[in-house]
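In what follows, chains are A, B, ... by sequence order, proteins preceding strands, each numbered from 1.
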Number of protein chains: 2
Amino acid sequence: MPKTQPTIRDVAAAAGVAVSTVSKYINGTQRFSGSVEAKLKAAIDALGYRSNPLARSMITGKTRTIGLAILDIRNPHFTNIVKGANRVALQHDYTLLLVDTEESQERERPLIEALAQRVDGMIISSRMPDDAVQWLLELSKPVVLFGRSQQFPIASVGTDGHLAASMLARHLLNLGHRRIAYLGFAKSRWNDERRRGIADCLQKAGLQLDVHDAEAPSAIAGERACSAILLGSSQPDAVICYNDLIALGFMKEARELGFRLPQDLSVVGFDNVSYAEYASPALTTVDLQSEKMGELAMTKLIAALNGSHDDEYAMLEPRLVVRESTMRRPDTSQPAGVTEMTPKTAGGRRRTGGQGA
Amino acid sequence: MPKTQPTIRDVAAAAGVAVSTVSKYINGTQRFSGSVEAKLKAAIDALGYRSNPLARSMITGKTRTIGLAILDIRNPHFTNIVKGANRVALQHDYTLLLVDTEESQERERPLIEALAQRVDGMIISSRMPDDAVQWLLELSKPVVLFGRSQQFPIASVGTDGHLAASMLARHLLNLGHRRIAYLGFAKSRWNDERRRGIADCLQKAGLQLDVHDAEAPSAIAGERACSAILLGSSQPDAVICYNDLIALGFMKEARELGFRLPQDLSVVGFDNVSYAEYASPALTTVDLQSEKMGELAMTKLIAALNGSHDDEYAMLEPRLVVRESTMRRPDTSQPAGVTEMTPKTAGGRRRTGGQGA
DNA sequence: CTGAAAGCGCTAACAA
DNA sequence: TTGTTAGCGCTTTCAG
């Protein structure tokens with residue numbers, strides 16, 4: 001059973017030609033006389049020869065493999081990225097070497113360094129601080145990053161987080177919401193951008209943003225953070241979550257706390273993961289085009305592999321997806337930019353002094 | 001910048017020893033005198049030497065890479081499998097080469113054949129017919145399959161589908177449901193097992209199963225199949241979906257058709273994907289332990305790589321997870337195994353003649 | 001404990 | 001158009 005695979009040499013012998021001839025034939029590097037070509041073809045499938053990619057790689061220095069390092073394959077955002085990247089890779093005859101770093105800072109670096117050795121280039125999603133990008137460059141392999149680097153020129157892709165956040169905030173404002181909370185995830189590279197996008201918007205309307213932080217970008221973290229926000233003193237009438245997963249968890253817990261959604265509270269997230277649509281109420285969110293991000297990253301990387309220089313940040317456009325988790329404040333009538341005035345508490349603004357002690 | 005990586009030869013020169021000495025040092029194949037060891041260590045990190053895995057693989061014939069072929073990374077069931085497999089692989093210092101075959105039969109085989117060349121072993125999830133398993137064996141690489149093969153002795157893992165299905169059916173029966181439909185997915189290897197599990201159960205209660213088929217294992221397919229089932233002549237009071245995704249889509253559409261869940265209709269699925277919990281009503285389902293399946297498959301594969309023979313089918317135990325999408329028929333009172341008698345239609349059984357013409 | 005030498009399977013000049 | 005030859009970077013006998 002463990003019959004050793006035939007080598008290029010066996011084929012050459014069987015066909016009565018030189019090894020280099022076989023090599024050139026396999027790689028289509030050259031044209032051949034009909035007789036030789038016929039003999040080669042015959043020999044090859046008589047022996048069932050398959051070229052050994054390792055040996056080839058060793059010489060060419062190319063593996064036709066792309067490393068993809070992500071934080072958690074279970075997060076649909078990353079799943080979509082993988083899907084998109086995979087599709088483009090397959091089209092170009094590349095294979096994906098996947099590394100799930102499991103949101104662990106320590107594992108990340110050694111894993112990526114090991115990965116670098118086995119691939120032609122890498123696509124990386126990471127929570128590493130911006131100055132750590134340095135050593136990525138030192139790997140001297142083409143790399144595409146998710147999220148812009150402030151200091152270093154490195155190919156990267158992302159979606160305009162400030163804009164996405166503004167869209168969400170403005171949507172809520174238009175619906176008459178005035179006490180808006182942001183349940184962020186500070187560890188993420190995207191968090192600041194999103195928070196600022198919201199805060200800027202609110203500021204123009206003379207409002208302040210109530211900021212909280214989730215301990216993970218997951219549904220369970222959303223559940224956990226819920227009561228402190230909803231039953232605390234700020235009493236938001238809308239909350240923007242760092243992502244859809246957090247939002248989903250938040251909504252579940254909110255319902256269990258007795259809030260009616262969306263009547264008592266509007267909730268939104270970022271990403272537009274597919275299950276947001278099947279939640280109830282279906283989640284209003286902003287589509288970050290995760291899958292396209294994956295495609296674009298892979299396209300950029302392959303271009304780099306083909307010699308094109310690329311230090312740019314490619315920014316995709318977000319799109320607001322309004323569903324059922326947001327609705328107009330029952331007690332307001334003016335569209336937006338109005339003097340805010342909520343009935344429950346006299347004297348507007350926020351910081352009402354809380355009833356929950 | 002493109003300074004060529006130092007080789008083992010450079011290290012040997014710098015340390016003033018032979019290449020083979022360096023090799024042995026790196027692989028820890030031997031013990032060394034303190035002086036040599038010190039020189040080696042110094043030379044290595046002076047040069048920043050990193051051993052080239054390709055060259056190593058070419059000799060040893062081992063790549064420390066496992067191929068994982070799945071049908072669709074976006075299906076949380078597979079995502080979980082990847083997660084589990086990845087974790088075990090990392091523990092054993094293996095890396096995952098991922099291939100998403102996108103549910104395509106044609107692509108599958110060439111992709112897997114190419115994959116086989118670059119890895120030490122493979123874990124495969126496929127919809128290929130049982131006789132196609134033959135060529136997998138011929139790849140003469142260790143393989144672990146998801147789902148049992150009837151004809152061939154091949155290592156495989158899965159969850160007891162017949163039992164899982166019975167659990168669901170019995171649960172529904174216990175709740176007083178009598179007109180039960182199965183929205184299956186015939187292309188899957190697991191479908192028959194599940195259908196039979198349900199049908200066997202119903203038969204014991206003197207009931208027949210109303211069988212339908214989804215065109216894909218996805219939420220959208222569940223939506224699409226919904227109206228034909230619910231507004232057709234059979235009028236089920238409970239439907240069992242092939243998986244949670246289909247169930248989620250089905251529930252969404254059912255609500256849009258005006259059905260109240262779970263009052264008018266109980267819905268269940270298979271898998272226990274995480275978002276089933278965040279749907280509303282939260283989905284009753286049966287946990288197939290997807291992540292553990294991934295772990296187990298990888299564990300088996302690594303064992304095989306270490307020389308242990310393994311032709312067995314390892315079966316995990318399913319667990320029923322009751323949530324909100326199932327409830328007792330309002331109009332029945334006896335627990336189970338009773339003479340069924342639904343008020344809407346005289347004369348029980350099913351096949352009531354339909355009012356939807 | 002250390003070193004010299006022979007390749008792994010293949011590609012890439014260079015010759016013929 | 002075809003063949004010869006020299007390695008890619010490493011491991012692995014086999015001698016010292």
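Mapping B:Ala55 and B:Thr21 onto DNA chain C via the closest heavy atom, the residue that lands nearer the 5' end is B:Thr21. Where B:Met58 and B:Ala18 meet DNA chain C, the nucleotide closest to each residue was compared, and B:Ala18 sits on the side nearer the 5' end. Residue whose closest nucleotide on DNA chain D sits further toward the 5' end, between A:Lys24 and B:Ser51: A:Lys24.
Between A:Ile112 and A:Val99 the shortest side-chain heavy-atom distance does not fall below 4.5 Å.
Around CD of B:Gln105, the count of heavy atoms belonging to other residues, nucleotides or ligands within 6.0 Å exceeds 12. Sparse packing is recorded around NZ of B:Lys292, with 12 or fewer heavy atoms of other residues, nucleotides or ligands lying under 6.0 Å away.
Rounded to whole angstrom, the span from the NZ atom of B:Lys62 across to the P atom of C:dG9 amounts to 14 Å. Rounded to a whole Å, the CZ atom of A:Arg64 is 17 Å from the C1' atom of C:dC10. Straight-line distance from the OH atom of A:Tyr25 to the P atom of C:dC10: 15 Å, rounded to whole Å. The distance between atom CD of A:Gln5 and atom P of C:dG9, rounded to the nearest whole Å, is 10 Å. A:Gln30 places its CD atom 15 Å from the P atom of C:dC14, with the value rounded to the nearest Å. Rounded to an integer number of Å, the gap from CG of A:Leu47 to P of C:dG9 is 14 Å. Spacing between atom CZ of A:Arg56 and atom P of C:dC8 amounts to 19 Å, rounded to whole angstrom units. One atom, CD1 of A:Ile44, and another, C1' of C:dG9, lie 14 Å apart when rounded to the nearest Å.
Backbone-only contact: A:Thr7 has heavy atoms under 4.0 Å from sugar-phosphate atoms and none from a base. Residue B:Val36 is in sugar-phosphate contact alone, with no base atom involved, counting any heavy-atom pair closer than 4.0 Å across all strands shown. Within the nucleic acid shown, A:Tyr49 comes within 4.0 Å of sugar-phosphate atoms alone, with no base atom in reach, counting heavy atoms only. Within the 4.0 angstrom heavy-atom criterion, only backbone atoms of the sugar-phosphate kind lie near A:Arg31; the bases stay farther away. If you check every strand for non-hydrogen atoms under 4.0 Å, B:Ser57 touches nothing. B:Ser20 comes within contact range of at least one nucleobase, with a heavy-atom separation under 4.0 Å.
In this structure, the side chain of A:Asp72 does not engage the main chain of A:Phe78 through any donor-acceptor pair within 3.5 Å.
Remark: A:Asn27 is in phosphate contact with C:dT11, judged by side-chain N or O atoms under 4.0 Å from OP1 or OP2.
Side-chain atoms of A:Ser23 stay outside donor-acceptor range of the base of C:dA12, with no qualifying N/O pair under 3.5 Å.
Checking A:Arg74 against A:Ser218 by side-chain atom types alone, no donor-acceptor pair falls below 3.5 Å. Using a 3.5 Å distance cut-off with no hydrogens or angles, the side chains of B:Ser126 and B:Arg189 do not pair a donor with an acceptor.
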Subject >> A:Val119/A:Met122 under side chain to side chain contact (heavy atoms under 4.5 Å, CB included): CA gap, chis, key distance, verdict >> reply: CA-CA 7 Å; A:Val119 300; A:Met122 299 188 292; 3.6 Å; yes
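Chain B approaches DNA chain D over the interval D:dC8 to D:dT12, counting the first and last nucleotide 5' to 3' with an atom under 4.0 Å from its heavy atoms.
A salt bridge does not link B:Arg87 to A:Asp100: none of the charged side-chain nitrogens sits closer than 4.0 Å to a carboxylate oxygen.
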